[in-house]
Amino acid sequence: MTEIPLAAPAVLKGPGATPQRAREREVFVPRDARRRTTLGALRERLRWPLGIYTTPVVILLAWEILARAGVLTKTYAPAPTSIVKAAVDLWQQGVLGPDLAISLQRAGLGLALGLSVGITAGVLGGLLRSGEYLFNGLVQVLNTIPLLAVLPLMIVWFGIDELTKVLLISFGAGVPMYLNLFAAIRGVDQRLIEMTRTTGAGTWRLVTRVLVPGSLPGFLVGLRFSLAYSVLGLVAAETVNADQGLGFLITQGQTYLQTNQVFVGLVIYSLLGLLADQFVRALERVLLRWRPSYEAS
Amino acid sequence: MSSTVATDLRRGTGVVVERVVRRFGDRAVLDQLDLTIEEEELVILLGPSGCGKSTLLRLLAGLDRPDGGRVEVPAKRAIVFQADRLLPWQRVLPNVTLGLHGPDADRRAREVLAEVGLAGREKAWPKELSGGEAQRVSLARALVSEPELVLLDEPFAALDAITRLRMHDLVRALRTKHQAAMLLVTHDIDEAIALGDRVLVMNDGRIGSSHEVHLTAADREASVAREELRARLLEDLGLAGQH
């Protein structure tokens with residue numbers, strides 16, 4: 001869809017519109033036929049490459065300019081280019097690579113554990129009444145406990161090793177997955193389930209052809225929350241106690257007033273979140289092609 | 001559905017409903033209702049909204065159980081609902097084969113889709129279909145299992161007048177190919193006259209009156225006999241003199 005630039009309206013006033021008889025008329029012509037102003041052409045060219053990244057890029061540019069002009073001091077907020085430079089330096093020193101690897105490993109393990117438990121419990125809870133009685137109350141209670149508040153308890157229980165970190169991440173990932181999957185399965189249109197039963201399809205067909213695809217949108221919402229919360233869990237786990245990982249990098253930077261290094265950690269965390277979101281978006285485009293959804297023009 | 005009790009069957013074919021009662025709260029929607037449908041007969045159930053037509057149809061479908069009396073229907077039966085109820089996440093062909101098993105399921109589904117005039121649309125998503133096309137897919141889904149009884153719950157009520165007339169032609173054509181008893185619930189008198197072998201009018205939770213329709217296709221369109229039948233149906237519905 002192309003946007004109608006305000007400078008070149010597709011609506012032309014008819015010649016019959018005289019001042020005395022103020023009966024306004026509208027004429028619609030094909031979008032290509034309208035006159036193209038230089039401003040409109042420029043807008044179209046500018047729109048294309050940035051997309052949803054328009055605002056982040058604008059903020060980065062402003063930040064860079066303010067930092068170079070000396071408005072933002074280096075210890076307060078170093079320029080984006082110097083953050084990138086710090087990242088490159090850290091990588092070349094052989095610090096960033098291992099730290100990133102260990103963080104990704106923690107996030108991956110935690111996600112795998114949390115998602116398996118969340119999906120299994122969600123499917124059982126969604127499909128079976130007994131599953132609902134078994135899991136629902138428990139997860140609803142867990143859901144009200146903030147992730148960060150569990151951390152001290154986990155350290156007492158599981159020590160300060162990797163186990164605590166992985167469990168915290170899996171806790172963050174598992175709970176939203178269960179809640180969304182449960183709601184999605186229970187929310188599948190009752191009329192479609194009734195229809196499926198009347199066609200003589202068995203329980204297996206009902207599950208594979210109706211309940212699973214019908215709960216897929218809710219599952220993807222759950223996945224998005226899970227990925228986001230697992231990054232949150234990663235941050236929380238790593239800043240409290242670690243001698244490796246991104247969190248350690250940040251804590252170290254904070255201790256020695258290396259604001260650059262703090263920002264490098266933050267940028268990587270945010271990139272992880274962005275990647276996770278793009279991953280789910282790609283999944284949605286493939287898996288939810290059937291959905292007649294709203295597309296903003 | 002397998003939960004239908006198979007004790008003392010009255011007959012081999014068709015539908016037998018005996019003194020069926022269905023209550024919602026204090027209100028008896030179906031009150032000692034009797035109904036038989038012969039093999040390969042198309043019976044129209046006519047009545048205003050809320051008279052219990054759909055309740056009766058749901059009892060015949062096995063989607064609901066009676067509070068009294070007994071319902072005997074063939075195990076092989078299919079329903080066409082008022083809304084198409086297609087699975088939006090499946091293309092047309094898997095929507096038709098939903099209840100079908102075996103290696104020739106796809107071939108049979110293609111045949112039936114061709115019968116309803118949708119050959120070549122097997123790969124369309126339901127969101128790409130018009131209302132009439134979607135309802136034809138749901139008709140194909142019902143017929144593909146070769147049922148002995150087809151229950152149609154106001155299947156064309158949501159369609160425009162021109163599409164509805166086309167669907168009537170389609171139903172007539174399909175009846176020559178598929179040997180099945182049909183019960184069509186409607187509130188449209190013209191639809192009843194256009195399609196039915198027998199038209200039943202529901203009143204106070206029972207079958208109020210029954211009219212056999214012995215008219216040729218041309219006479220169903222326009223004839224003196226048609227107008228007389230229409231007048232009698234209007235009278236039975238309590239609308240005499242208003243139209």
Side-chain angles (χ1 to χ4, degrees), chain A residues 1 119 122-123 126-127 129 180-224 280-297, chain B residues 1-4 54 57-58 60-64 73-102 105 109 123-129 134 137-153 155:
Chain A
M1 293 278 279
I119 291 172
V123 167
L127 294 182
R129 181 70 59 184
N180 281 287
L181 193 55
F182 174 81
I185 293 176
R186 288 298 165 91
V188 173
D189 194 342
Q190 198 59 41
R191 291 168 304 170
L192 293 180
I193 296 171
E194 187 182 83
M195 178 278 296
T196 309
R197 291 215 177 278
T198 65
T199 62
T203 307
W204 177 246
R205 278 271 168 102
L206 180 70
V207 170
T208 54
R209 292 239 196 145
V210 183
L211 294 176
V212 167
S215 57
L216 215 50
F219 167 80
L220 289 172
V221 172
L223 189 61
R224 184 167 286 176
V280 179
R281 271 174 199 276
L283 274 183
E284 279 181 349
R285 266 197 294 276
V286 177
L287 295 174
L288 303 184
R289 258 179 313 164
W290 49 270
R291 206 157 58 155
S293 54
Y294 170 74
E295 282 174 34
S297 57
Chain B
M1 268 173 221
S2 55
S3 56
T4 316
S54 291
L57 190 121
R58 290 178 64 82
L60 296 183
L63 294 171
D64 197 7
V73 287
K76 290 187 76 177
R77 57 183 184 272
I79 309 172
V80 179
F81 295 95
Q82 180 172 355
D84 54 70
R85 297 204 191 184
L86 298 178
L87 300 174
W89 44 80
Q90 302 251 283
R91 292 173 193 270
V92 164
L93 192 69
N95 255 300
V96 176
T97 58
L98 184 62
L100 221 55
H101 295 273
K123 290 211 160 171
W125 293 104
K127 69 173 176 184
E128 297 163 358
L129 300 175
V137 174
S138 76
L139 205 56
R141 180 179 59 199
L143 292 174
V144 79
S145 60
E146 283 161 23
E148 292 167 34
L149 173 67
V150 183
L151 301 160
L152 302 111
D153 187 6

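Order of the sequence lines sets the chain letters (A, B, ...), proteins ahead of strands, with each chain counted from 1.
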> Any idea which heavy atoms bring B:Arg141 and A:Thr199 closest together, and the distance?
Replying inline: CD-CG2, 4.0 Å
>> What part of B:Pro147 gets within 4.5 angstrom of chain A, counting heavy atoms only: side chain, backbone, both, or neither?
In response: neither
>> Which one wins on heavy-atom pair count under 4.5 Å against chain A: B:His101, B:Lys76, B:Glu128?
In response: B:His101
> Under a 4.5 Å cut-off applied to non-hydrogen side-chain atoms, are A:Arg289 and B:Lys127 in contact?
Replying inline: no
> Can you name the nearest heavy-atom pair linking B:Leu98 to A:Arg209, along with the distance?
Replying inline: CA-NH1, 3.7 Å
>> Nearest 0.5 Å, please: how far is CZ in B:Arg85 from CG in A:Asp189?
In response: 7.5 Å
> Side chain, backbone, both or neither: which part of B:Trp89 has a non-hydrogen atom closer than 4.5 Å to chain A?
Replying inline: both
> Atom CH2 in A:Trp290, atom CZ in B:Arg91: separation rounded to 0.5 Å?
Replying inline: 13.5 Å
> Under a 4.5 Å heavy-atom cut-off, does chain A meet the side chain of B:Leu86, its backbone, both or neither?
Replying inline: backbone
> So A:Met195 and B:Asp84, side chain to side chain contact (heavy atoms under 4.5 Å, CB included) or not? Walk me through it.
Replying inline: CA-CA 10 Å; A:Met195 178 278 296; B:Asp84 54 70; over 6 Å; no
